[in-house]
Amino acid sequence: MAGQMQAIKRRIKSIDSTRKITKAMMLVASSKLMKTRKQMDNMKPYYSQVKDTCAEILASAQGDVDSPYLVRNSVGRDVVIVISSSLGLCGGYNANIFKTVEKEVKKDDLVYVIGHKGESYMRSHTSNDLNSDYVELNSSLDFRQIVRLTNHLLDGYKNKEIKAIRIIYTEFVNNLTFTPRVVELLPVSQEDLKGEEKQGVHKQTLFEPSPEAVLDSLIPMYLQAVIYGYLIESVTSENASRRTSMENATDNADDLTEQLQLKYNQARQSAITNEVSEIIAGANAES
């Protein structure tokens with residue numbers, strides 16, 4: 001009985017140590033979540049303004065704008081940007097991304113991977129060509145690297161080395177809901193841009209030197225903002241998922257500790273009862 005009680009005490013101590021770790025990780029994830037949510041909210045006005053301006057150009061030109069970014073190339077290969085995490089313990093965040101990768105990424109696609117978990121998965125489960133130059137972007141959130149990546153992709157698109165560009169990221173809905181999404185970045189969909197135009201507002205705008213020239217300058221800015229926004233949204237989803245996972249782990253540790261404490265008390269009570277019974281039996285034998 002004493003050995004059983006000691007084993008239960010060791011398990012309680014071990015679980016309590018693990019609980020302290022999961023509690024600390026939950027607090028860190030909560031802090032990071034607040035920071036990235038603020039970045040995400042601050043990014044939206046810039047992204048919306050650039051997209052509205054692109055929509056205004058297309059509306060003013062009545063769809064007659066000639067831009068290489070609006071037309072799908074007939075040659076080249078498809079490029080897919082995959083955003084994952086670099087750390088684990090974030091619930092089903094990466095698993096959901098990898099399920100989407102299995103459905104959406106073809107064998108001959110060139111994959112630009114962001115996040116070490118995604119890089120490991122792609123190397124071990126696929127035969128796709130990988131570009132891991134930007135694998136640390138989900139940790140650094142360096143906008144200069146986003147500009148570099150965007151310019152590199154746009155050059156390949158203009159040179160007809162790239163047929164189309166898609167991105168797989170995780171959409172942040174709320175602190176408990178995050179959904180993998182696939183979005184086509186290039187060619188830019190005219191219908192999507194027109195959908196951003198404010199209803200009932202018709203402006204006659206003069207663009208110098210031409211709508212095409214202005215659009216060719218705006219679309220790189222638009223793509224930089226979109227990719228950076230999707231990256232921040234994915235990191236926000238990762239932090240929310242990790243916070244939820246660590247909170248659940250902490251709650252489970254509390255429940256398990258409570259169950260073990262009950263078992264310990266029962267074992268202790270049984271041991272005391274046995275000792276009292278032995279004392280009484282010894283006293284009766286002497287009388």
Asker: Distance from N252 atom CG to I15 atom CD1, nearest 0.5 Å?
Answerer: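 It is 10.5 Å, given to the nearest 0.5 Å.
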Asker: Only one of L231, D41, V235 forms a side chain to side chain contact (heavy atoms under 4.5 Å, CB included) with T36, so which one is it?
Answerer: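 The single option meeting the side chain to side chain contact (heavy atoms under 4.5 Å, CB included) with T36 is V235.
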Asker: Do V111 and V183 belong together in a cluster built from hydrophobic side chains that touch within less than 4.5 Å?
Answerer: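 Unlinked, V111 and V183 end up in two clusters.
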Asker: Can you get from L130 to V82 by hopping between Ile, Leu, Val, Met, Phe, Trp and Tyr side chains that sit under 4.5 Å apart?
Answerer: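 They do share one cluster, since a chain of ILVMFWY contacts under 4.5 Å joins L130 to V82.
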Asker: Using modelled atom types and a 3.5 Å cut-off, is there a donor and acceptor pairing between side-chain atoms of S14 and backbone atoms of R10?
Answerer: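 No.
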Asker: So, for R11 and L256, which heavy atoms are closest and what is the spacing to 0.1 Å?
Answerer: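 Smallest interatomic distance, heavy atoms only, reads NH2-CD2, 4.1 Å.
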Asker: Please report the interatomic distance OG(S30) to CE(M25), rounded to the nearest 0.5 Å.
Answerer: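 S30 OG to M25 CE: 11.5 Å, rounded to 0.5 Å.
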Asker: Please determine, by modelled atom types, if Y46 and Q224 share a side-chain donor-acceptor pair under 3.5 angstrom.
Answerer: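 Short answer, no.
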Asker: Between S84 (side chain) and I114 (backbone), is there a donor-acceptor pair under 3.5 Å?
Answerer: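 A pair under 3.5 Å: yes.
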Asker: Parallel, tilted or perpendicular, judged at 30° and 60°: which one describes the rings of H152 and Y112?
Answerer: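 Ring orientation of H152 relative to Y112: tilted.
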Asker: Look only at the side chain of R166 and the backbone of E104, and say whether a donor-acceptor pair between them is shorter than 3.5 Å.
Answerer: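 Confirmed, R166 side chain pairs with E104 backbone.
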Asker: How long is the span from the CD1 atom in I162 to the CG atom in N73, to the nearest 0.5 Å?
Answerer: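 Separation between the atoms: 9.0 Å.
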Asker: Could you walk me through whether L154 and L186 pass side chain to side chain contact (heavy atoms under 4.5 Å, CB included), step by step?
Answerer: CA-CA 9 Å; L154 288 173; L186 281 179; 3.6 Å; yes
Asker: Take atom NZ in K163; do more than 12 heavy atoms of anything else shown fall under 6.0 Å from it?
Answerer: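 Yes - once you tally the heavy atoms of other residues, nucleotides and ligands closer than 6.0 Å, there are more than 12.
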Asker: With rounding to the nearest 0.5 Å, note down the distance linking NZ in K107 to CG in D129.
Answerer: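 Result: 13.5 Å between the selected atoms.
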Asker: Is any side-chain heavy atom of N42 closer than 4.5 Å to a side-chain heavy atom of K38?
Answerer: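 Sidechains of K38 and N42: in contact.
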Asker: When you measure from the side chain of T257 to the backbone N and O of I12, does any donor-acceptor pair fall under 3.5 Å?
Answerer: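 A pair under 3.5 Å: no.
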Asker: Any idea which heavy atoms bring Y157 and P187 closest together, and the distance?
Answerer: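 Closest heavy-atom pair between Y157 and P187: OH-CB, 3.3 Å.
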Asker: If only atom types and distance count, is the side chain of N128 paired as donor or acceptor with the main-chain N or O of D109 below 3.5 Å?
Answerer: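 Side chain of N128 to backbone of D109, a donor-acceptor pair under 3.5 Å: yes, one is there.
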Asker: May I ask you to decide whether E184 forms a salt bridge with R72, counting only side-chain N to carboxylate O separations under 4.0 Å?
Answerer: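 Counted as a salt bridge, because a side-chain N and a carboxylate O are separated by less than 4.0 Å.
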Asker: Please check this pair: side chain of N159 against backbone of E161, looking for a donor-acceptor N/O pair closer than 3.5 Å.
Answerer: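 Such a contact is absent between N159 side chain and E161 backbone.
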Asker: Side chain to side chain contact (heavy atoms under 4.5 Å, CB included) for R123 and S132? Distances and angles first, verdict last.
Answerer: CA-CA 11 Å; R123 293 195 186 281; S132 55; 3.7 Å; yes
Asker: Tell me the closest heavy-atom pair linking Y228 and Q39, and the distance in Å.
Answerer: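 Scanning both residues, the minimum pair turns out to be OH-NE2, 4.0 Å.
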Asker: Would you give the length of the straight line joining atom CG of L89 to atom CE of M26, rounded to the nearest 0.5 angstrom?
Answerer: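 One gets 14.5 Å once the value is rounded to the nearest 0.5 Å.
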Asker: In sequence, state the C-alpha distance, the side-chain angles, and the governing distance for E258 and L262, and then conclude on side chain to side chain contact (heavy atoms under 4.5 Å, CB included).
Answerer: CA-CA 6 Å; E258 185 177 345; L262 179 60; over 6 Å; no
Asker: Do S31 side-chain atoms and V28 backbone N/O form a donor-acceptor pair below 3.5 Å?
Answerer: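 No, because the side chain of S31 does not come within donor-acceptor range (under 3.5 Å) of the backbone of V28.
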Asker: Working to the nearest 0.5 Å, report the span between CG of D255 and CG of L260.
Answerer: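 Taking CG in D255 and CG in L260, the distance rounds to 11.0 Å.
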Asker: Checking S270 side chain against Q266 main chain: does a donor-acceptor pair fall under 3.5 Å?
Answerer: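 Side chain of S270 to backbone of Q266, a donor-acceptor pair under 3.5 Å: no, none is there.
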Asker: Looking only at heavy atoms, what is the nearest atom pair of Y121 and V101, with distance?
Answerer: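 Y121 and V101 have their closest heavy atoms at CE2-CG1, 4.3 Å.
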Asker: What's the shortest heavy-atom distance between S86 and V135, and which atoms?
Answerer: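 Closest pair (atom of S86, atom of V135, distance): OG-O, 4.2 Å.
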Asker: Can you tell me if T244 uses its side chain to pair, donor with acceptor, with the backbone of A240 under 3.5 Å?
Answerer: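 Pair found, side chain donor or acceptor close to backbone of A240.
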Asker: Taking Y169 as the starting point, is it possible to reach L223 by hopping between hydrophobic residues whose side chains are less than 4.5 Å apart?
Answerer: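 L223 clusters together with Y169.
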Asker: Could you tell me whether the side chain of N138 and the main chain of I83 form a donor-acceptor pair under 3.5 Å?
Answerer: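 No.
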Asker: Which pair of heavy atoms, one from F178 and one from N175, lies closest together, and at what distance?
Answerer: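 That closest heavy-atom pairing would be CE2-O, 3.4 Å.
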